[in-house]
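Owing to the predicted nature of the structure, the values given are computational and were not obtained by experimental measurement. Residue numbers count from 1 along this sequence.
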Amino acid sequence: MFKEVTFSYNILSDPDKRRQYDSAGFEAVELESQELELDLSSLGAVNTMFAALFSKLGVPIKTTVSATVLEEALNGVVDIHPLPLGLPICRKVEKQCAHFYSVTITEEEARDGFVCRVQSSDKSKFKLLYFDQEESGGLSLALQEDSAKTGKVTSAGMYFLCFPVYRLDHTVNSIAAAKDADAAFFKKLDGFQPYEITELKAGTHVFAVYGDNFFKSASYSIEALCAAPFMEEKANLRAVEAEILAKRAEISKFETEYREVLAQFTEMSSRYAQEMQAIDEFLRQRNEIHASYTTAPPMKRSSNKRRNKGSIRETKEDAQVRDKKPSTRDRPKKKKWFNIHLKVDKRKPC
């Protein structure tokens, strides 16, 4: 329910989608609205509070980078700090703000591969951004990776390893999964999609960490690495992602079989309930027919109750008579010793 509310809010909060909905109904915006994102910087305090509540309840809310941050980057008026390879930097970024970093790589490092990772030990929400440099000197957003919980931290990374590397978007088909419990399983890998950029050229590249918390700043640690010392990890990553792709195709076929069997099971369960009801009805009719083979008049429950009540009342009265003790009036009078008449000769002293 919360996911459906959030999906509806995503439509109604966008003026263009709202006009499409008003003119052509829900179907006009349903497909396009799957990728709607909320700009938290444009929400009021009350709407931000509701969005934070939905997020706490487990609703995957997609948020977009603030338009102010993107405009400042495009105009080239942002501060960019150098990020040396292999040297992590720990900082704290305010909500709906961004810290920009520049990384310079050589031709050899570009061939070996390059990785940029960010993590937060206090589980803050953030976005890792990669920008293309425009001829005018400005920066345009090219890649975006949202943080996700991985163990006791939240993390996000971009991997440029000269072969296709995949990312997993947890919000894809979240509304369909909310309407169908089984869809949450079968569509779990639908958001597993390849990165648009697989390698970086030699030169300077700009990354940014965007604070995506609702009310507070985000603490993070950013690190840029050359992938040359991680040859085994590169091979393992390529192998496991190939297995994930194969499993996604296998699950797609399994879903068809599962739906067919589930439909048969539902049909059999319905028939089971109907057959059980029919058997119970036949047995009831049989018992009524058996009971009709008699010449005795039917017993009246009311007379039995009245007779039982009368016997109970008589039993109580008998008990009261037995327990009743004789009163003082019914007892025989006894003479007391001090009322005995004694004849005494008054002339003789006692």
Side-chain angles (χ1 to χ4, degrees), residues 81-91 99-132 141-172 185 187-210 212 218-254:
H81 302 276
L83 178 62
L85 290 177
L87 183 61
I89 295 178
C90 299
R91 294 184 66 186
H99 290 165
F100 288 79
Y101 297 93
S102 62
V103 183
T104 302
I105 59 176
T106 63
E107 291 282 355
E108 184 179 0
E109 292 169 340
R111 287 194 301 269
D112 292 333
F114 173 81
V115 175
C116 183
R117 295 189 74 252
V118 181
Q119 70 177 23
S120 172
S121 58
D122 61 359
K123 300 181 181 180
S124 296
K125 293 180 60 179
F126 60 86
K127 296 180 185 296
L128 176 59
L129 311 176
Y130 173 72
F131 289 86
D132 283 333
L141 182 61
L143 290 178
Q144 171 181 314
E145 183 70 17
D146 291 355
S147 62
K149 289 184 179 180
T150 54
K152 297 182 179 180
V153 300
T154 52
S155 62
M158 292 184 179
Y159 306 86
F160 308 94
L161 303 176
C162 303
F163 60 82
V165 178
Y166 291 77
R167 57 190 298 269
L168 181 60
D169 187 354
H170 296 279
T171 61
V172 173
F185 167 73
K187 297 184 179 300
K188 188 173 184 178
L189 296 180
D190 284 2
F192 193 68
Q193 301 295 333
Y195 277 106
E196 293 85 350
I197 303 175
T198 60
E199 59 181 316
L200 296 180
K201 296 181 179 180
T204 301
H205 302 274
V206 178
F207 295 85
V209 180
Y210 177 80
D212 206 24
S219 301
Y220 68 90
S221 172
I222 184 172
E223 184 177 15
L225 297 169
C226 176
F230 303 94
M231 298 303 296
E232 183 179 356
E233 287 78 5
K234 290 171 61 177
N236 292 338
L237 178 63
R238 194 167 189 174
V240 72
E241 290 190 340
E243 292 180 0
I244 293 176
L245 291 175
K247 179 60 66 175
R248 184 173 65 179
E250 180 183 340
I251 290 297
S252 179
K253 296 179 180 179
F254 172 63

At their closest point, which heavy atom of [X] faces which heavy atom of [Y], and how far apart are they?
X    : Y    : result
L161 : V165 : CD1-CG2, 4.1 Å
G86  : P88  : O-CD, 3.6 Å
Q144 : M158 : N-CE, 4.0 Å
T104 : E109 : O-OE1, 4.2 Å
T204 : S102 : CG2-CB, 3.9 Å
A218 : K125 : CB-O, 3.8 Å

Using modelled atom types and a 3.5 Å cut-off, is there a donor and acceptor pairing between side-chain atoms of [X] and backbone atoms of [Y]?
X    : Y    : answer
Q119 : V153 : no
R248 : F192 : yes
S147 : F126 : yes
Q193 : D190 : yes

Q) Mind checking whether F207 and F114 have ring centres under 6.0 Å apart? A) yes
Q: On the 0 to 90° scale, with breaks at 30° and 60°, tag the Y101-H81 ring pair as parallel, tilted or perpendicular.
A: tilted
Q: If the plane angle is over 60° it's perpendicular, under 30° parallel, otherwise tilted; pick one for F131 and F100.
A: tilted
Q) With a 4.5 Å limit on heavy-atom distance, are the side chains of R117 and L225 in contact? A) no
Q.
When you compare the side chain of F160 with that of I105, does any pair of heavy atoms fall below 4.5 Å?
A. no
Give, for atom [atom1] of [X] and atom [atom2] of [Y], the distance between the pair rounded to the nearest 0.5 Å.
X    : Y    : atom1 : atom2 : value
T150 : K123 : OG1   : NZ    : 10.0 Å
C226 : D112 : SG    : CG    : 5.0 Å
Y159 : F230 : OH    : CZ    : 11.0 Å
L83  : H205 : CG    : NE2   : 12.5 Å
I222 : L87  : CD1   : CG    : 11.5 Å
K149 : T154 : NZ    : OG1   : 8.5 Å

Q) Ion pair present between K247 and E250, side-chain N to carboxylate O less than 4.0 angstrom? A) yes
Q) Are S120 and S219 close enough that a side-chain donor and a side-chain acceptor fall under 3.5 Å? A) no
Q. Given V103 and C116, is the side-chain contact (heavy atoms from CB on, under 4.5 Å) satisfied, shown in steps?
A. CA-CA 10 Å; V103 183; C116 183; 5.9 Å; no
